[in-house]
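The structure appears right after this line, and notes come after that.
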Amino acid sequence: MIQKKSAKAQSAAASAPGRPSPVPPSIDEPTEPTEPLPPKDDQRGPDPVSATGVPLDVPQSARSQSGAYLTTSQGTRLPDTDHSLKAGDRGPILLRDHHLREKITHFDHERIPERVVHARGAAAHGVFRSYGSASSLTFAGFLAEDVETPVFVRFSTVLGSRGSADTVRDTRGFAVKFYTAEGTFDLVGNNIPVFFIQDAIKFPDVVHAAKPHPDREIPQAQSAHDTFWDFVSLHTEAQHHTMWNMSDRGIPRSYRTMEGFGIHTFRLIAADGSTTLVKWHWKPVAGVHSLVWEEAQLISGMDPDFHRRDLADAIEAGAYPQWELGVQVLEDTADQTYAGIDLLDPTKIVPEELAPVQPIGLLTLTGNPINYFAETEQVAFHPGNLVPGIDVTDDPLLAGRLFSYIDTQITRLGGPNFGQLPINRPQAPVNDMLRDGMHQTAVHGGVAPYRPNSLDGGCPFTADAASGGYVEVAQPLPASQKVRAAPASFADHFSQPRIFYRSLTEVEQQHLIEAYSFELSKCYEETIRLRQLQALAEIDTELCAAVAAGLGVEAPSASEPPGEVEPSPALSQVGGEWPVAGRQLGILAGGDSNPAEVAAAVAAAAEADLTPLVIADVGGVLGSGDSAVPVSRTLLATRSIEFDAIVVAGGRRPSPATDLMISEAFRHAKALGAWGDADALIEHAGCPTDAPGVVLAGRPADLIAEITTLLSRHRVWDRVV
Ligand code: HDE
């Protein structure tokens, strides 16, 4: 839309070429109109999306494809797209074949660079509803009571390429774009609350060390190699993040069962101008839950899209993933510390026992993307996308991120106009003075994209705080000298990983010990293994001894005995009960199984909100007529990793495939059950039927009820294998 100019601006424009203006322009005179102009409609917000991700109220013509006939990119109908234009059917192809050239040329340019980190991701649309409990801390409009804000959330792994497997041991990205009425707010977090480095200048170092080796480009998407452990063992501020990676947090069961963290401390500003420091937390309603390592490795081969599929399937099935957003509220003191913890140090957490997470809103993912490339690939997050009422702190890692994201996106998305892509368009009106550039799609009206101007009546106006302007908090700066140095408060690299290790349950500690042993055994260089063991010795003597034993080397001693710390039970994933909606139950049937009983098990599982999948030797249906039950998986095409729990139907006969399925599920601490005579199959697979989490029942419905209770605790943690 062309903006309407004020009468005075129009007369000034008319008199401009060559003729002296009758009214010399001055900066303070041409202030008509006195109200800011309405938003330009070439900068509209993202298309409203239905619960299933289908855009609403969008004319078909606004979508990329319409009409019944195939056309060229210019809309000319085509009679044939299967044969090139040739001089005779066996003759040479003619250069004049524009359709051939257009088709191939466009195809040649279909790829854009993948993200330098977080290349592999999956995303969903949703809505955030605020409780209003943060409104005493911030005047951010979207955090006022009962405000609903559309969101787009992208989850990712960090190290792997776009085509790598989902279930590798790695950190996960958790990036949320809130399309608020006051502008877009991006909360670009991870599923681990600390980071490898304290200063952004080290980011290329840690990423170069963790990415595949530059000569052979292996290993893909994992940290189990020399350069990673070389770096983190030398650069010991990475030890805390590394320990989270080695724990079960490094292999989430699902995106739906991950916590998310903003990591850095942010500053909230209240209506009265008072400020508070906060740390952001996402708490999954389904509880925090992880895979076990062997399962994760098997899935990488059996179903590399495991997390992506799980997210999309859950949304499609209506089991909408949910997270509560919470904040740890920390007083904004002059030294920006809390309980002795430097809040500007991104390698430190504030234990939840010291500062509880206070819930402030609920995120619900309700729609799958319509097009992966347009949305998940082209979405561009930026930690500097803030709204009034929320500000950053001087965390030196955050400062570097504020520079990096837009910079990398200019390359990745081919120029500076990626904000105009549908997924990146703000929902708030946009009235900027940014112009031109590669891939400009807006048709900007007016002649004066500069300020001050008289030709556009002084528009656009600037907004002070009262008009909703983003005004930075006046923050006193420390009197200091220009230095390249870290503060002394950043020097402790070992006490927080010690808190983490000592807060885990025994089974979680065992997983962590095995993960360190696995990863270090993949390092070729003995010196690297020993140096990492030295770092573990500084953290915890027993941990170091256990990993050293796994590697078959002598444990080194700490430079000074590791001190006492207060554990933080909130760091453990074990304990508690959670909703089971969308968890997958395998019902192993076939042979002489009674279809009516199998149908009863399916019905009971569906009633409990589980996703029941019947497994048999061949596809089709079990039984016939009214009692026929569809087979969801054949034994050839599935494996235990697809299921959170497995029950065996009476009448089922053992086979090598059932042995494998049952013994694997048993080893991976999954709930197991059998009705009728099927307990024999569990024993046949070498699993004792009196072990914890193995349920035998006469009736399928009773069995499903007990399995559901076990699933609400995620795994059978007390099964010693
Ligand atoms: Fe990022 N990070 N990052 N990062 N980051 C990127 O931006 C960077 C850091 C995070 O789904 C890149 O568009 C620097 C911490 C997520 O699209 C890049 C530093 C945290 C995503 C970049 C960090 C994150 C990214 C690559 C150290 C958790 C994926 C592509 C100072 C709080 C977003 C892109 C998505 C992506 C830079 C550290 C989270 C290169 C320089 C800490 C979730 O700009």
Side-chain angles (χ1 to χ4, degrees), residues 112-124 151-162 166 170-177 184 186-211 235 237-238 240-242 244-245 249 252 255 258-266 278-282 307-308 311 344-349 369 372-385 392-414 416 418-419 421 423-424 486:
I112 60 170
E114 65 175 31
R115 288 167 175 82
V116 59
V117 283
H118 296 267
R120 175 153 181 97
V151 297
F152 188 68
V153 182
R154 183 174 182 271
F155 303 104
S156 48
T157 52
V158 177
L159 295 178
S161 294
R162 258 190 74 183
D166 279 342
D170 195 0
T171 308
R172 302 298 187 285
F174 192 133
V176 184
K177 192 175 274 299
T184 298
D186 287 347
L187 184 46
V188 198
N190 279 346
N191 76 327
I192 288 180
V194 290
F195 206 65
F196 293 109
I197 50 173
Q198 294 165 322
D199 186 322
I201 201 167
K202 296 300 294 171
F203 195 58
D205 298 276
V206 65
V207 175
H208 289 171
K211 283 273 187 180
H235 188 77
E237 71 197 40
H240 192 191
H241 189 163
T242 308
W244 279 74
N245 285 128
R249 304 283 181 139
Y255 291 134
M258 289 187 334
E259 282 184 301
F261 304 91
I263 300 189
H264 316 281
T265 304
F266 286 75
V278 293
K279 285 192 173 275
W280 303 105
H281 292 247
W282 291 108
H307 286 156
R308 186 178 281 194
L311 179 68
L344 301 187
D345 178 352
T347 66
K348 303 285 193 306
I349 60 159
Y372 185 90
F373 181 82
E375 302 175 272
T376 312
E377 193 60 11
Q378 294 203 110
V379 66
F381 295 93
H382 195 307
N385 288 343
V392 295
T393 58
D394 291 330
D395 174 340
L397 189 68
L398 179 54
R401 297 181 69 205
L402 296 174
F403 162 78
S404 171
Y405 287 67
I406 198 165
D407 184 41
T408 195
Q409 284 149 5
I410 287 174
T411 296
R412 186 168 72 81
L413 298 169
F418 55 82
L421 293 167
I423 196 66
N424 294 326

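Any value given below was found using the heavy atoms of this structure, including those in side chains, with hydrogens, waters and symmetry copies removed. We count ligands from 1, going down the list as the structure has it; atoms in each ligand are counted the same way.
- Not close to ligand 1: Ala380, with no non-hydrogen atom less than 4.0 angstrom away.
- Residue Asn190 has no N or O atom closer than 3.5 Å to an N or O atom of ligand 1.
- Put simply, the side chain of Asn191 never gets that close to the backbone of Met258: no donor and acceptor are under 3.5 Å apart.
- Using a 30° and 60° split on the angle between ring planes, His281 and Phe261 fall in the perpendicular class, above 60°.
- Applying the 4.0 Å criterion to heavy atoms of Arg115 picks out, from ligand 1, the atoms 17 (O), 30 (C), 35 (C).
- Close approach of ligand 1 to His118 is summarised as follows: ligand atoms under 4.0 Å from at least one heavy atom of the residue are 5 (N), 10 (C), 16 (C), 21 (C), 25 (C), 29 (C), 36 (C), 39 (C), 43 (C).
- Of all the atoms in ligand 1, the ones that sit under 4.0 Å from a non-hydrogen atom of Gly173 are 43 (C).
- Using a 4.0 Å cut-off between heavy atoms, Thr408 contacts ligand 1 through its side chain alone, with no backbone atom that close.
- Ring geometry for Phe196 against His241 counts as parallel: the plane angle stays under 30°, on a 0 to 90° scale with 60° as the upper cut.
- Interatomic distance, CD1 of Ile406 versus OG1 of Thr411, reported as 11.5 Å (0.5 Å rounding).
- Counting only distance, with no hydrogens or angles, the side chain of Asp186 and the backbone of Val188 share no donor-acceptor pair below 3.5 Å.
- The closest protein non-hydrogen atom to atom 24 (C) of ligand 1 is Arg401 NH2, 3.1 Å.
- The nearest protein atom to atom 38 (C) of ligand 1, hydrogens excluded, is given as Phe195 CZ, 3.6 Å; this is a heavy-atom distance.
- Atoms of ligand 1 found under 4.0 Å from any heavy atom of Phe381 (numbered from 1 in listed order, with element): 11 (O), 17 (O), 33 (C), 35 (C).
- In summary, the atoms of ligand 1 found under 4.0 Å from a heavy atom of Ala200, numbered by their order in the structure, are 31 (C).
- At distances below 3.5 Å, at least one donor-acceptor pair connects side-chain atoms of Arg172 with backbone N or O atoms of Asp170.
- Note: Thr376 OG1 to Ile423 CD1 = 7.5 Å, rounded to the nearest 0.5 Å.
- Using modelled atom types, one side-chain atom of Asp166 and one backbone atom of Arg308 make a donor-acceptor pair closer than 3.5 Å.
- Contacts between Leu397 and ligand 1, counted as non-hydrogen atom pairs separated by less than 4.0 Å, involve both the backbone and the side chain.
- Side chain of Glu114 to main chain of Arg162: a donor-acceptor pair is present (N/O by atom type, distance under 3.5 Å, no hydrogens or angles).
- Of the protein's non-hydrogen atoms, the one nearest atom 8 (C) of ligand 1 is Phe203 CE2, 3.3 Å.
- In this structure, atom 43 (C) of ligand 1 lies nearest to the protein heavy atom Gly189 O, 3.2 Å.
- Salt bridge status for Lys202 with Asp199: absent, with no side-chain N to carboxylate O gap under 4.0 Å.
- Applying the 4.0 Å criterion to heavy atoms of Arg154 picks out, from ligand 1, the atoms 11 (O), 17 (O), 35 (C).
- For atom 1 (Fe) of ligand 1, the closest non-hydrogen atom on the protein side is Tyr405 OH, 2.0 Å.
- Residue contacts to atom 1 (Fe) of ligand 1: Ser404 brings no N, O or S atom closer than 2.8 Å.
- The main-chain N or O of Leu159 is found under 3.5 Å from a side-chain atom of Lys211 such that the two form a donor-acceptor pair.
- Nearest protein neighbour of atom 40 (C) of ligand 1, counting heavy atoms only, is Val116 CG1, 3.4 Å.
- Every atom of ligand 1 with a heavy atom of Gln409 under 4.0 Å away is listed here by number and element: 13 (O).
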